[in-house]
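Some notes on the structure that comes next.
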Protein chains: 2
Amino acid sequence: MIQKELLDHYGAVEKRYEKSDVIFEVGTNAHYYYQIISGEVKMNNYNEEGKEFIQGFFKPGESFGEPPLFVNRLYPANAIATEDSVILAIKKDLFKQFLLEHPSEAISIIENLAQRLHYKAVMAAEIASEDPEHRVLQLIDYAINHFDLSKDDNGYLVDFTRQQIGDLTGLRVETVIRAIKSLEKKQMLKIINRKVYREI
Amino acid sequence: MIQKELLDHYGAVEKRYEKSDVIFEVGTNAHYYYQIISGEVKMNNYNEEGKEFIQGFFKPGESFGEPPLFVNRLYPANAIATEDSVILAIKKDLFKQFLLEHPSEAISIIENLAQRLHYKAVMAAEIASEDPEHRVLQLIDYAINHFDLSKDDNGYLVDFTRQQIGDLTGLRVETVIRAIKSLEKKQMLKIINRKVYREI
DNA sequence: TTCAATTTATGACTTGAGTCATAAGTCTAA
DNA sequence: TTAGACTTATGACTCAAGTCATAAATTGAA
């Protein structure tokens with residue numbers, strides 16, 4: 001995350017999006033650096049049959065959609081507000097100028113990209129080679145270790161819906177539901193009134 | 001790519017690897033920044049049954065394995081020399097010092113990560129949601145547009161084996177062979193004495 | 001408060017990618 | 001030069017995830 005005060009001198013504007021507003025679409029050119037002030041954003045793709053794949057969720061303080069600012073490519077996915085959100089937007093050229101004049105902030109961008117690349121490397125191998133139960137458990141454990149899941153007496157609460165887990169792992173809802181049930185039977189997970197918990 | 005001369009002042013050493021030598025393994029800590037001088041490296045994973053997933057190939061001038069230098073994570077995959085290779089290695093701490101003292105080089109790292117993140121976003125959506133023919137064609141078109149495929153009278157030559165295409169897309173060799181045959185029938189590809197060509 | 005949409009759930013059936021076997025062509029290192 | 005490994009190829013069979021239908025519980029917006 002880059003301090004808002006620093007970005008303000010480079011024409012940063014606060015954009016407001018309502019839940020389910022589209023911030024940018026797959027196949028278009030990148031014009032802005034985006035950093036979330038409040039709300040939540042998801043990046044996703046839809047295939048020809050309308051099946052969704054979720055690239056990731058982004059929360060306050062996080063930036064998204066940088067790659068096409070630095071390499072000559074189009075957006076590989078859509079960005080959609082999943083809640084009413086306020087997002088800081090800086091024009092591409094001004095953002096690049098900012099980085100040149102604040103080189104230490106480049107490390108912040110590197111750390112962010114490094115983190116996302118790590119997630120994608122783990123999930124790509126998982127989706128390409130593992131069975132549903134393995135995929136679901138890997139996603140849950142990744143979320144516990146690297147996202148901000150809350151912990152209580154029952155363990156870590158997995159606050160994804162079954163549908164979201166499916167869209168993150170390339171599985172159908174029914175398959176996720178069955179995988180979670182099976183993992184519960186094997187005592188790898190707990191289901192307490194429909195909520196999923198994991199103890200590590 | 002960062003100029004070798006710049007890195008030399010930070011304790012860069014040339015490491016030599018023979019074909020199929022392991023450079024680092026999944027689950028271990030990162031100690032070096034790696035940049036290829038000559039040869040080729042692949043990053044991959046093996047699942048429990050030994051099925052391989054190839055995260056990517058890296059060629060002279062390219063760096064690899066940076067994410068765990070910048071975030072506190074373990075390597076998500078193995079790095080293996082696919083040819084006899086010479087690789088520049090700089091100790092993690094010295095590399096970070098280098099970046100602080102040569103801030104403009106950070107852009108080079110950002111561009112590299114951005115490029116790889118773009119590839120992974122495209123392929124993750126592909127592997128999660130598309131059928132074999134779509135996946136194979138997407139990989140080939142991505143390679144044509146963003147890697148260095150040679151073009152001749154027959155079109156772009158796809159210089160991956162069917163097995164490699166499978167390991168890059170999460171498919172079995174037989175499935176790739178059948179997908180390529182079917183794509184040839186649909187005139188999306190040409191097969192000329194076992195080599196695959198694509199005209200765009 | 002209510003009604004529609006979403007989420008979790010389960011059973012029966014289908015299907016396409018995986019598996020296995022086999023073989024011919026090609027490459028490569030001794 | 002040759003033997004073994006790899007690559008491309010094809011057919012038959014299997015099975016696990018997807019599909020479809022249905023329904024109850026929960027959520028949330030009007």
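Quick caveat: nothing in here was measured; it's all calculated off a predicted structure. Naming convention: chains lettered A, B, ... in sequence-line order (proteins, then strands); numbering from 1 in each chain.
At whole-Å resolution of the value, CZ in B:F160 and P in D:dT7 are 14 Å apart. In this structure, CG of A:L171 is placed 15 Å from P of C:dT8, rounded to the nearest angstrom. In this structure, CD of A:Q163 is placed 19 Å from P of D:dT26, rounded to the nearest angstrom. Regarding B:R162, its CZ atom lies at a distance of 16 Å from the P atom of C:dG25, rounded to whole Å. Spacing between atom CD of A:E83 and atom P of D:dG28 amounts to 12 Å, rounded to whole angstrom units. Going from atom CZ of A:F53 over to atom C1' of D:dG18 covers 18 Å, rounded to whole Å. Taking atom CG of residue B:L189 and atom P of nucleotide D:dT8, one finds them 14 Å apart after rounding to whole Å. A:I127 has its CD1 atom 17 Å from the P atom of C:dA17, to the nearest Å.
Comparing B:K19 and B:R135 by the nucleotide of DNA chain C that holds the closest heavy atom to each, the one mapping nearer the 5' end is B:R135. In terms of position along DNA chain D, the nucleotide closest to A:R178 lies nearer the 5' end than the nucleotide closest to the other residue of the pair A:R178 and A:K195. The residue among A:I191 and B:P132 whose nearest nucleotide of DNA chain C is located toward the 5' end is A:I191.
Backbone-only engagement by A:G170 is indicated by non-hydrogen atom pairs under 4.0 Å involving sugar-phosphate atoms exclusively.
The two atoms that bring A:G65 and A:Y75 nearest to each other are O-CE2, 3.5 Å, heavy atoms only. Scanning both residues, B:S108 and B:M1, for their nearest heavy atoms gives OG-N, 3.3 Å.
One finds no side-chain N or O of A:R172 lying less than 4.0 angstrom from the OP1 or OP2 phosphate oxygen of D:dG18. Distances shown here put every side-chain N or O of B:T175 at or beyond 4.0 Å from the OP1 or OP2 atom of C:dA17.
Checked against C:dT19, D:dG18, C:dA9, the side chain of A:R194 finds its nearest nucleotide in C:dA9. Comparing D:dT10, C:dT8, D:dG18 against the side chain of B:E174 picks out D:dT10 as the nearest.
Cation-pi geometry between A:K15 and A:Y32 is met: the NZ or CZ atom falls under 6.0 Å from the ring centre, inside 45° of the normal.
B:I36 and B:I54 are assigned to two separate hydrophobic clusters, defined by single-linkage of ILVMFWY side chains at heavy-atom distances under 4.5 Å. Under a hydrophobic clustering in which Ile, Leu, Val, Met, Phe, Trp and Tyr are joined whenever their side-chain heavy atoms come within less than 4.5 Å, directly or via other members, B:M123 and B:M43 fall into different clusters.
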